[in-house]
Undergrad: 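Pasting in a structure now, in structure tokens, and then I'll have a few things to ask.
This structure is a prediction, so every number in the text was calculated from the model and none was measured. Within every chain, numbering begins at 1; the chains are lettered A, B, ... in the order of the sequence lines, protein sequences first and strands thereafter.
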Amino acid sequence: MIDINLIRENPDKVRKGIERKHYDAGLVDAFLKIDADWRANKQEADELRAKQKTFGPESRDEAKAVKEKVAEKEAVISGLEKERQRVLEQIPNIPADDVPEGKDDSENVVLRQVGERPQFDFEPKDYLTLAGRLIDTEQAVKVASSRFGYIFGDLARLEFALVKLAMDTLEPYGFVPTIPPVMVKPEVMRGMGKQKFLEAGDAFYLQDDNLYLVGSSEHSIGPFHMDNILEEETLPRRYMGFSTCFRREAGSYGKDTKGILRVHQFDKVEMFSFSKPEDSEEEHKFLLGREEEMLGKLKLPYQVMAICTGDMGFGDYRQFDVETWLPGQGKYRETMSCSNTGDFQSRGLNIKYRVKSTGELKYIHTLNATAFAIGRMLIAILENYQTKAGDVLVPEALQAFVGKEKLSIPK
RNA sequence: GGAGAGGUGGCCGAGUGGUUGAAGGCGACAGUCUUGAAAACUGUUAUAUCCGAAAGGGUAUCGCGAGUUCGAAUCUCGCCCUCUCCGCCA
């Protein structure tokens, strides 16, 4: 949630910021109008209540009259608050000044390309061909529906190897491994600034229980500290969460319909940091660094993208994506994302920290980053580690965990 | 699923209609003392919001929501959650 006071004191900055993200700047004026109305009514109600409190048992009639007026005012105020909240939730976080301008993903900026693309003296195959019976989406359609898949054998093994690699890599940096809930309450999703995700119908909703399935463990790790006050000296707090993620992929009809690149259910290891505001840009680079470190360990070629204003997330202050080279497709595809949401989420969830020197309470900054979106890493490994014979080698960094140097692929 | 108990400030815990934002304790912070620390003593110590340049002042908050009352942490109703026992169960 955006800072109310920022809109009040610096509406132009907010207008400009949300316009850069291609949202309607009229939201700011709608907010200001309701807010002014709210303040006026609030003032009157407070004065009436102060008066009401001065009455004793001897002035019942007068007290009753005042009480009725207070009740009327309160009804007005509560209506305005709901309306104001509704508008506020439509306002995205404003981007950092130096985020590249752009309308959509075509205008993201390549920051760097790292790693050698594998040179094949043959036509590289796509991952589905390579995986053979290790990936089965046909039976999955019968059992579940489209956009689901079965992953078998050594690919399943590879998944757990990737989890182990992520844990071994990240724990020394202080990331606490966690397995968070995969269902969260609606107010938690809203607090996390995920209203766009909900509105788009992208979240699976369990009506009987009034719970959403998470689209990422970000959605349940972030709120772990909701309503908490953290001590400055414990920051940054870093978590690495493993969870299954659920997404409807609404609005992606016809896109990546085959295979497991875009599915309703996948597993992911996620990094999440709670940071002091003054350190969050640095922490953001640190998380990006960990993503690059892990791709480096897997010797996978990738490029780092600065996401432009039109493509970045609703709650993001700054976003990087990492795209991994997929020889079977002949292009880089997004495998990781890395966002600094500033205090946007901590306002929505009421997460603060105590400044040691002054005792002051301030909103914390939250950051999230993919460690491994496992399905997509499987794809990247299959395509990058293929041989002329149609075999797939196991990346060196995973061999100890998988227990072999080459995948067994039943034909 | 059945039965019972309970939800008060950072934590523990008192408080059944009238300056109670809330006793007491712990913790934290500051000071005295000490070479330093500990102990002891003294003091400070909720949050949000509105008005205000500030000083300061108003209002709200004792799980959430409604109600009774001039007045509610305290009474009534609904909801949520937690705990204990029994049952079922990975």
Side-chain angles (χ1 to χ4, degrees), chain A residues 1-11 14 31-89 91 160 179-191 205-213 220 223-235 237 242-244 265 267 274 276-277 343-364:
Chain A
M1 193 166 48
I2 197 158
D3 182 2
I4 286 186
N5 284 315
L6 184 65
I7 311 180
R8 284 176 183 155
E9 288 159 19
N10 215 336
V14 179
F31 170 87
L32 288 173
K33 187 168 178 293
I34 299 165
D35 187 52
D37 205 3
W38 175 83
R39 278 203 265 188
N41 278 282
K42 157 96 168 140
Q43 184 86 24
E44 287 178 48
D46 282 357
E47 279 162 20
L48 283 170
R49 248 201 235 95
K51 189 175 172 195
Q52 186 189 1
K53 285 170 82 165
T54 63
F55 294 122
E58 70 287 348
S59 42
R60 281 187 195 156
D61 294 340
E62 198 184 346
K64 273 192 175 174
V66 172
K67 190 184 155 187
E68 270 178 41
K69 277 198 212 162
V70 170
E72 281 170 32
K73 278 286 161 207
E74 274 179 345
V76 172
I77 288 171
S78 134
L80 287 169
E81 275 173 359
K82 276 194 192 123
E83 185 61 13
R84 188 178 65 173
Q85 185 64 20
R86 200 188 59 75
V87 173
L88 203 58
E89 285 187 1
I91 299 179
F160 292 109
I179 301 168
V182 294
M183 299 179 202
V184 298
K185 299 175 182 180
E187 61 264 34
V188 167
M189 277 292 190
R190 284 200 302 276
Y205 177 62
L206 303 173
Q207 194 151 20
D208 288 348
D209 306 282
N210 192 27
L211 291 168
Y212 285 102
L213 291 177
S220 50
F224 174 67
H225 283 301
M226 70 190 287
D227 295 321
N228 285 176
I229 295 165
L230 305 178
E231 296 303 327
E232 182 177 2
E233 58 269 29
T234 68
L235 301 175
R237 294 233 198 164
F242 170 89
S243 86
T244 300
Q265 176 200 325
D267 295 331
F274 297 87
K276 286 194 269 180
D343 60 11
F344 196 77
Q345 294 181 326
S346 66
R347 277 178 200 284
L349 294 167
N350 189 29
I351 306 175
K352 296 180 178 176
Y353 75 102
R354 191 181 302 280
V355 179
K356 181 86 175 165
S357 56
T358 61
E360 183 191 3
L361 295 180
K362 287 171 81 171
Y363 286 110
I364 214 162

Undergrad: Just how far, in rounded Å, is P of B:rG10 from CZ of A:R354?
TA: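 Answer to the nearest Å: 9 Å.
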
Undergrad: Looking only at the side chain of A:W38 (C-beta and beyond, no hydrogens), which of the listed nucleotides B:rU49, B:rA60, B:rC70 gets closest?
TA: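 From the listed options, B:rU49 comes nearest.
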
Undergrad: To the nearest angstrom, how far is A:R39 atom CZ from B:rC50 atom C1'?
TA: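 Result: 8 Å.
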
Undergrad: Rounded to the nearest angstrom, tell me the gap between atom CD in A:E9 and atom P in B:rC51.
TA: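 Those two atoms, CD and P, are 11 Å apart.
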
Undergrad: C1' atom, B:rU20 versus B:rG9: distance in rounded Å?
TA: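 These two C1' atoms come out 13 Å apart once rounded.
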
Undergrad: I need the A:K67 NZ to A:F55 CZ distance, nearest 0.5 Å.
TA: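 So the NZ of A:K67 and the CZ of A:F55 are separated by 12.5 Å.
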
Undergrad: How is A:K73 classified with respect to the nucleic acid when contacts are heavy atoms under 4.0 Å: base, sugar-phosphate, or nothing?
TA: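 The residue A:K73 makes no contact with any strand.
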
Undergrad: Between B:rU42 and B:rG57, how many Å separate the two C1' atoms, rounded to a whole number?
TA: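 After rounding to an integer number of Å, I get 30 Å for this pair.
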
Undergrad: Say whether A:E89 and A:Q85, considering side chains only, have a donor N or O and an acceptor N or O under 3.5 Å apart.
TA: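 Judged by distance alone, the side chains do pair up.
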
Undergrad: Given B:rU59, B:rG71, B:rC51, which nucleotide is nearest the side-chain atoms of A:Q52?
TA: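 Of the candidates, B:rG71 comes closest.
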
Undergrad: Could you work out the separation of B:rU47 and B:rG10 based on their C1' atoms and round it to a whole Å?
TA: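 12 Å, rounded to whole Å.
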
Undergrad: Report the nucleotide, chosen from B:rG71, B:rU49, B:rU47, that has the shortest atom-to-atom distance to any side-chain atom of A:K352.
TA: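 For A:K352, the side-chain atoms sit closest to B:rU47.
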
Undergrad: Any Lys/Arg nitrogen of A:D35 or A:R39 sitting under 4.0 Å from an Asp/Glu carboxylate oxygen of the other?
TA: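 Salt bridge flag = yes for A:R39 with A:D35.
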
Undergrad: According to the Watson-Crick and G-U wobble definitions, with both distances under 3.5 Å, which nucleotide is paired to B:rC41?
TA: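 Looking at the geometry, B:rC41 pairs with B:rG31.
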
Undergrad: I'd like to know if A:E74 and A:R49 make a salt bridge, using a cut-off of under 4.0 Å between side-chain N and carboxylate O.
TA: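 Salt bridge: yes.
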
Undergrad: Could you please name the option among B:rG58, B:rC50, B:rC70 that lies closest to any side-chain atom of A:R8?
TA: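 Side chain of A:R8 sits closest to B:rC50.
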
Undergrad: I'd like the C1' distance from B:rA72 over to B:rA37, given in whole Å.
TA: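 One C1' to the other, the span is 49 Å.
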
Undergrad: Could you state the atom-to-atom distance from CD1 of A:I229 to C1' of B:rG27 in whole Å?
TA: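 Taking atom C1' of B:rG27 as the reference, CD1 of A:I229 is at 14 Å.
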
Undergrad: What's the gap between B:rA28 and B:rC81 when it is taken at their C1' atoms, as a whole Å value?
TA: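 After rounding to an integer number of Å, I get 29 Å for this pair.
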
Undergrad: If B:rG17 has a Watson-Crick or G-U wobble mate with both distances under 3.5 Å, name it; if not, just say none.
TA: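 For B:rG17, the partner nucleotide comes out as none, under the 3.5 Å rule.
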
Undergrad: Between A:S78 and A:K82, does a side chain to side chain contact (heavy atoms under 4.5 Å, CB included) hold up when you go through it step by step?
TA: CA-CA 6 Å; A:S78 134; A:K82 276 194 192 123; 4.3 Å; yes

Undergrad: Give A:K53 one of three labels, base, sugar-phosphate or nothing, depending on what nucleic acid heavy atoms sit under 4.0 Å from its own.
TA: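 Sugar-phosphate contact only - A:K53 comes under 4.0 Å of backbone atoms but never of a base.
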
Undergrad: Between A:F55 and A:R84, which residue's closest nucleotide on RNA chain B lies nearer the 5′ terminus?
TA: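 Final value for this comparison: A:R84.
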
Undergrad: NZ of A:K185 versus P of B:rC81: gap in Å, rounded?
TA: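 In whole Å, B:rC81 P lies 7 Å from A:K185 NZ.
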
Undergrad: Roughly how many Å apart are B:rU19 and B:rA23, using the C1' atom of each and rounding to a whole number?
TA: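 Their C1' atoms lie roughly 15 Å apart.
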
Undergrad: Could you check A:H225 against A:L349 for side chain to side chain contact (heavy atoms under 4.5 Å, CB included), going step by step and ending with a plain yes or no?
TA: CA-CA 8 Å; A:H225 283 301; A:L349 294 167; over 6 Å; no

Undergrad: For the side chain of A:R49, counting heavy atoms from C-beta on, which of B:rC50, B:rA60, B:rU69 is nearest?
TA: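 Per side-chain heavy atoms of A:R49, the pick is B:rA60.
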
Undergrad: With a 4.0 Å limit, can you tell me whether A:K42 has a side-chain N or O closer than that to the phosphate oxygens OP1/OP2 of B:rC50?
TA: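 The answer is no; no side-chain N or O of A:K42 sits under 4.0 Å from OP1 or OP2.
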
Undergrad: Checking base pairs now: Watson-Crick or wobble, both atom distances under 3.5 Å. What partners B:rG1?
TA: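 Checking every strand shown, B:rG1 finds its partner in B:rC86, with both distances under 3.5 Å.
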
Undergrad: Would you mind telling me which residue lines up with the more 5' stretch of RNA chain B, A:Y363 or A:K51, judged by nearest nucleotide?
TA: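 With A:Y363 and A:K51 compared, the 5'-side residue is A:Y363.
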
Undergrad: Can you tell me, in whole Å, how much space there is between the P of B:rA60 and that of B:rA73?
TA: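 Comparing P positions in B:rA60 and B:rA73 gives a spacing of 10 Å.
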
Undergrad: Between B:rC79 atom P and A:N210 atom CG, what is the distance in whole Å?
TA: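 One finds 16 Å between P of B:rC79 and CG of A:N210, rounded.
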
Undergrad: My understanding is that a pair needs two contacts under 3.5 Å, Watson-Crick or G-U wobble. By that rule, which nucleotide pairs with B:rG36?
TA: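 Per the H-bond distance test, none.
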
Undergrad: Distance between the C1' atoms of B:rU74 and B:rG7, in whole angstroms?
TA: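 One C1' to the other, the span is 15 Å.
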
Undergrad: Less than 3.5 Å apart, any donor N or O on the side chain of A:Y205 or A:N210 sitting next to an acceptor on the other?
TA: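 There is such a pair (donor and acceptor under 3.5 Å, judged by atom type) between the side chains of A:Y205 and A:N210.
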
Undergrad: Which nucleotide, if any, forms a Watson-Crick or G-U wobble pair with B:rC62, using both distances under 3.5 Å?
TA: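 Paired with B:rC62, as far as the under-3.5 Å criterion goes, is no nucleotide at all.
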
Undergrad: Starting at atom CD of A:E81, determine the distance to atom C1' of B:rG65, rounded to an integer number of angstrom.
TA: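 After rounding, the reported distance stands at 15 Å.
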
Undergrad: Using 0.5 Å steps for rounding, measure from the CG atom of A:D3 to the CG atom of A:D343.
TA: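 Going from CG on A:D3 over to CG on A:D343, the span is 6.5 Å.
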
Undergrad: Look through every strand shown and name the nucleotide pairing with B:rC26 as Watson-Crick or G-U wobble, where both distances are under 3.5 Å.
TA: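 Across any shown strand, B:rC26 pairs with B:rG10.
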
Undergrad: Is there a Watson-Crick or G-U wobble partner for B:rA53 with both distances under 3.5 Å, and which nucleotide is it?
TA: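 WC or wobble partner does not exist here.
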
Undergrad: Which whole-number value in Å describes the distance from A:M226 CE to B:rG63 P?
TA: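 Taking atom P of B:rG63 as the reference, CE of A:M226 is at 18 Å.
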
Undergrad: For B:rG67, give the paired nucleotide (Watson-Crick: N1-N3 plus N6-O4 or O6-N4; G-U: N1-O2 and O6-N3; both under 3.5 Å), or none.
TA: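 Paired with B:rC75.
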
